[in-house]
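Please read the structure below before turning to the comments.
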Amino acid sequence: MANGMIFDIEHGSFVDGPGLRTTVFFKGCNLQCAWCHNPESQSARPVRMYYADKCVHCGRCIAVCPSPDQCILCGKCAAVCPRSAVQLKGQLYTADQVMEEILLDRDFYGDDGGITFSGGECMLQPDFLMELLLRCKSEGIHTAVDTAGNCPFSLFERILPFTDLFLYDVKIMNDGLHQKWTGAGNEQILSNLAKLLRMGMPVWVRVPVIPGVNDTVEEITALREFFLQNGRPERIELLPYHRLGENK
């Protein structure tokens, strides 16, 4: 049985695919988007988060810390913080533990809802993702995989039979700008998307619209040309930029 590093499980989401969904956020990402509103997702290891605006300086975290000179990620400070100003993000889960969380919401999915595996980048933990997809399909639960597609297409081929919908993030069409703002080129990302579209897979493309980065006529035109050449996704979502992650 595979284990996976998860940093959050959200119940009752309406923004991660059709209907009401449970969203499981995998930890670790091979893009470093400058606008990322979940920076705690980028490292594949647990991280300690400190929210200064929540801290009341009660000193409880200091009192229980076994290693004040160097954090050992024990989580004791987070456990005693009365305002959740200190949080430990990232925990190993078994597939059984994740399925317990998913099945809590099963009665609320209705005809449209289901489970969405997101991140970080869930495709970077392929064995764990595959096991969860298999279990969800055996339970008759609609499955969606939210990905930026920066991985070998062979990983997509493994999960295709068990994925009902791909939520595919397209950051920037220009390769140089993509490298500048995300730390990686987009050739593999666009190639994988083209293959999924040509295969007729259900795909929703989601584009974060970042002022001064990809909100140009050139970018939108390039996106349009890409779809004319490779096929149309079921849906295109333009996601407005927000500042909700600034306190992180």
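This chain uses plain numbering: 1 for the first residue, then up along the sequence.
- A heavy-atom distance below 4.5 Å is not found between the side chains of Thr22 and Glu101.
- Put simply, the side chain of Arg21 gets close to the backbone of Ile115: a donor and an acceptor are under 3.5 Å apart.
- By the criterion of side-chain heavy atoms lying less than 4.5 angstrom apart, applied directly or through intervening Ile, Leu, Val, Met, Phe, Trp or Tyr residues, Ile6 is grouped together with Leu134 in one hydrophobic cluster.
- With Tyr93 contributing its side chain and Met99 its backbone, the two residues share no donor-acceptor pair below 3.5 Å.
- Here the OH-SG distance, from Tyr50 to Cys81, works out to 8.5 Å after rounding to the nearest 0.5 Å.
- Tyr51 OH: more than 12 foreign heavy atoms inside a 6.0 Å radius.
- Remark: Asp111 CG is loosely packed, at most 12 non-hydrogen atoms of other residues, nucleotides or ligands lying under 6.0 Å away.
- Judged purely by atom type and a 3.5 angstrom limit, Asp175 has no side-chain atom pairing as donor or acceptor with the backbone of Gly185.
- No chain of hydrophobic side-chain contacts below 4.5 Å, direct or via other Ile, Leu, Val, Met, Phe, Trp or Tyr residues, connects Leu124 to Tyr168.
- Under a hydrophobic clustering in which Ile, Leu, Val, Met, Phe, Trp and Tyr are joined whenever their side-chain heavy atoms come within less than 4.5 Å, directly or via other members, Leu239 and Val145 fall into different clusters.
- Taking every heavy atom of both residues into account, Phe7 and Gly120 meet most closely at CE2-N, 3.9 Å.
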List the atom pairs, with distances to 0.1 Å, where a side-chain N or O of residues 146-161 and a protein N or O form a donor-acceptor pair under 3.5 Å, not counting sequence neighbours.
unit_1 : atom_1 : unit_2 : atom_2 : d
Asp146 : OD2    : Ser118 : OG     : 3.0
Asp146 : OD2    : Arg206 : NH2    : 2.9
Thr147 : OG1    : Glu121 : OE1    : 3.1
Thr147 : OG1    : Glu121 : OE2    : 2.9
Thr147 : OG1    : Gly149 : N      : 2.8
Asn150 : OD1    : Gln188 : NE2    : 3.1
Arg158 : NH1    : Asp127 : OD1    : 3.3
Arg158 : NH2    : Asp127 : OD1    : 3.1

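- The OG1 atom of Thr182 sits 5.0 Å away from atom CG of Leu31, with the distance rounded to the nearest 0.5 Å.
- Within the model, atoms CG of Asn186 and OG of Ser191 stand 10.5 Å from one another, a figure rounded to the nearest 0.5 Å.
- Residues Ile189 and Asp169 have side chains not in contact (no heavy-atom distance under 4.5 Å, counting atoms from C-beta outward).
- The only option from Val24, Leu133, Leu129 that meets the side chain to side chain contact (heavy atoms under 4.5 Å, CB included) definition with Cys122 turns out to be Leu129.
- In this structure, Phe227 and Ile236 have side chains that are in contact, with non-hydrogen atoms separated by less than 4.5 Å.
- Hydrophobic cluster membership is shared by Met173 and Leu197, with clusters built from Ile, Leu, Val, Met, Phe, Trp and Tyr side chains linked at under 4.5 angstrom.
- In this structure, Phe166 is a member of the same hydrophobic cluster as Met130, with clusters built from ILVMFWY side-chain heavy atoms closer than 4.5 Å.
- With a 6.0 Å radius and a threshold of 12 heavy atoms from other residues, nucleotides or ligands, Lys54 has its NZ atom above the threshold.
- Between the Asp164 side chain and the Ala144 main chain, no donor and acceptor come within less than 3.5 Å of each other.
- Under a 3.5 Å cut-off, the side chain of Lys27 and the backbone N or O of Arg45 do form a donor-acceptor pair.
- Considering OG1 of Thr23 and CG of Leu167, their distance stands at 9.0 Å, rounded to 0.5 Å.
- The shortest side-chain heavy-atom distance between Tyr241 and Asp215 does not fall under the 4.5 Å cut-off.
- Considering only heavy atoms from C-beta on, Met5 comes within 4.5 Å of Pro46 through its side chain.
- Using a 4.5 Å heavy-atom threshold, the side chains of Phe128 and Leu92 count as separate.
- Checking side-chain atoms of Asn214 against main-chain N and O of Lys171 turns up a donor-acceptor pair under 3.5 Å.
- Annotation: Glu187, atom CD; neighbour count of heavy atoms from other residues, nucleotides and ligands within 6.0 Å does not exceed 12.
- Distance alone, capped at 3.5 Å, places no donor-acceptor pair between the Glu219 side chain and the Ile172 backbone.
- Side chain of Thr116 to backbone of Asp16: a donor-acceptor contact under 3.5 angstrom is found.
- Counting heavy-atom neighbours within 6.0 Å of Lys195 NZ, excluding the residue itself, gives a total above 12.
- A search for side chain to side chain contact (heavy atoms under 4.5 Å, CB included) contacts involving Arg235 returns Trp204, Glu237, not counting sequence neighbours.
- Counting only distance, with no hydrogens or angles, the side chain of Asn174 and the backbone of Leu177 share a donor-acceptor pair below 3.5 Å.
- Scanning both residues, Gly4 and Gln125, for their nearest heavy atoms gives CA-OE1, 3.2 Å.
- Of the residues Lys137, Glu139, Glu131, the one that meets the side chain to side chain contact (heavy atoms under 4.5 Å, CB included) test with Arg135 is Glu131.
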For residues 55-75, run the donor-acceptor check on the side chains, cut-off 3.5 Å, and write out each pair with its distance to 0.1 Å, sequence neighbours left out.
unit_1 : atom_1 : unit_2 : atom_2 : d
Ser67  : OG     : Gln70  : O      : 2.6

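- At a threshold of 4.5 Å between non-hydrogen side-chain atoms, the residues Ile9 and Phe25 do not count as touching.
- Distance check: His142 NE2 to Tyr109 OH gives 12.0 Å after rounding to the nearest 0.5 Å.
- One distance of note links CG of Leu132 with CZ of Phe162; it measures 13.0 Å at 0.5 Å rounding.
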